[in-house]
Colleague: 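Sharing a structure below in structure tokens format, with a few things to ask.
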Amino acid sequence: MGLDVSYEKATNRVCAAAVVIELESLAVTDMATVVGEVTFPYVPGLLAFREAPILLEALQGLTNEPEVLVCDGYGIAHPRRFGLACHLGVLTGLPSFGVAKTSFVADFVDPGPRRGAGSPLREGGETLGRAVRTQDGVKPVFVSVGHRIGLDQACDITLKLCPRYRIPEATRQADIASRRMLRTASWPGG
DNA sequence: GCGACAG
DNA sequence: ATCTTGTCGC
């Protein structure tokens, strides 16, 4: 399942979406959104304090508990080795990992140019995750484990969720859902 | 001190 | 994150 948050700067409102995707068919089987207000500023390294609370609220709205959380951001590839995906995993007890669009804590050599290629995300002597090419010729995404899951499996799931786009279908659908909800929520009478 | 900096 | 049209490419 994928989680994402969208913001509306003008109104200080925020919308979190939780979308459950069936891994085999990539069909959306459940979804929940929550609209709220910004309560914490964006500070690199402290994203969880800004997004985790409302994301947990969105998770409460689901009919069934998902099997694994795909988060928009880092797991352990984080300055303190505890990014958003770690917070959400521990707080829910569910397996989780993060898929970020950029990297700022680790070094990596560019993976091969084709879909499926990957290279370790490292800092010092430790491997914190993997840069994964999810589509031919597009920039890689940065996968790191959050809770109760291994890096190989996290990357496996990531690739299965990317048959066509760079961003995993789970977080991509959550992004679409949260944006749409923010729009319709500001529409007169909704 | 300087630059970089998930979303 | 968000502000934003057309445009290049498969």
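The sequence lines fix the lettering, A, B, ..., with proteins before strands; numbering per chain opens at 1. Predicted model only: the values in this text are computed from it and were never measured.
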Colleague: Residues in ring pair (Phe, Tyr, Trp, His ring centres under 6.0 Å) with A/His78, at least two apart?
Modeller: none
Colleague: More than 12 non-hydrogen atoms from neighbouring residues, nucleotides or ligands closer than 6.0 Å to CD on A/Glu65, yes or no?
Modeller: no
Colleague: State plainly whether the residues A/Asp72 and A/Lys101 are in salt-bridge range, i.e. N to O under 4.0 Å.
Modeller: yes
Colleague: Going by the angle between their ring planes, with limits at 30° and 60°, are A/Tyr74 and A/Phe104 parallel, tilted or perpendicular?
Modeller: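 Tilted.
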Colleague: Using a 4.0 Å heavy-atom cut-off, write out nucleotides 2-7 of chain B from 5' to 3' as B (base contacted by protein), S (sugar-phosphate only) or - (no contact).
Modeller: ---BBB
Colleague: On a heavy-atom basis, which atom in A/Ala174 and which in A/Gly2 lie closest, and how many Å separate them?
Modeller: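 Closest approach of A/Ala174 to A/Gly2: CB-O, 3.7 Å.
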Colleague: Hey, are A/Lys160 and A/Asp156 close enough for a salt bridge, meaning a charged N less than 4.0 Å from a carboxylate O?
Modeller: no
Colleague: Determine whether A/Asp152 and A/Arg130 satisfy the following criterion, salt bridge (charged side-chain N to carboxylate O under 4.0 Å, His left out), listing intermediate values before the conclusion.
Modeller: CA-CA 9 Å; A/Asp152 284 337; A/Arg130 189 176 300 163; 2.8 Å; yes
Colleague: In terms of side-chain heavy atoms, does A/Tyr7 have a donor or acceptor partner in A/Glu51 at a distance below 3.5 Å?
Modeller: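 On atom types as modelled, these side chains qualify, holding a pair under 3.5 Å.
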Colleague: Tell me, what's DNA chain B's dot-bracket, Watson-Crick or G-U with both distances under 3.5 Å, | for other-strand, [ ] crossing?
Modeller: .......
Colleague: Toss me the dot-bracket line for DNA chain C: Watson-Crick and G-U wobble, both under 3.5 Å, 5' to 3', using | for pairs to another strand and [ ] for crossers.
Modeller: ..........
Colleague: How does each nucleotide of nucleotides 3-10 of chain C score, in 5' to 3' order, for protein heavy atoms under 4.0 Å: base (B), sugar-phosphate only (S), or none (-)?
Modeller: --------
Colleague: Please answer: with hydrophobic residues joined when any side-chain heavy atoms are less than 4.5 Å apart, are A/Leu62 and A/Leu56 in the same cluster?
Modeller: yes
Colleague: Are A/Leu59 and A/Leu55 linked, directly or through other ILVMFWY residues, by side chains that come within less than 4.5 angstrom of each other?
Modeller: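 Linked, A/Leu59 and A/Leu55 end up in one cluster.
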Colleague: Is A/Arg183 paired with A/Glu8 through a side-chain N to carboxylate O contact shorter than 4.0 Å?
Modeller: no
Colleague: Share the residues that join A/Val70 in a hydrophobic cluster, the rule being Ile, Leu, Val, Met, Phe, Trp or Tyr side chains under 4.5 Å apart at the heavy-atom level.
Modeller: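 Members alongside A/Val70: A/Val19, A/Ile21, A/Leu23, A/Leu26, A/Val28, A/Met31, A/Val68, A/Ile76, A/Phe97, A/Val99, A/Val132, A/Val141, A/Val143, A/Val145, A/Ile149, A/Leu151, A/Ile157, A/Leu159, A/Leu161, A/Ile167.
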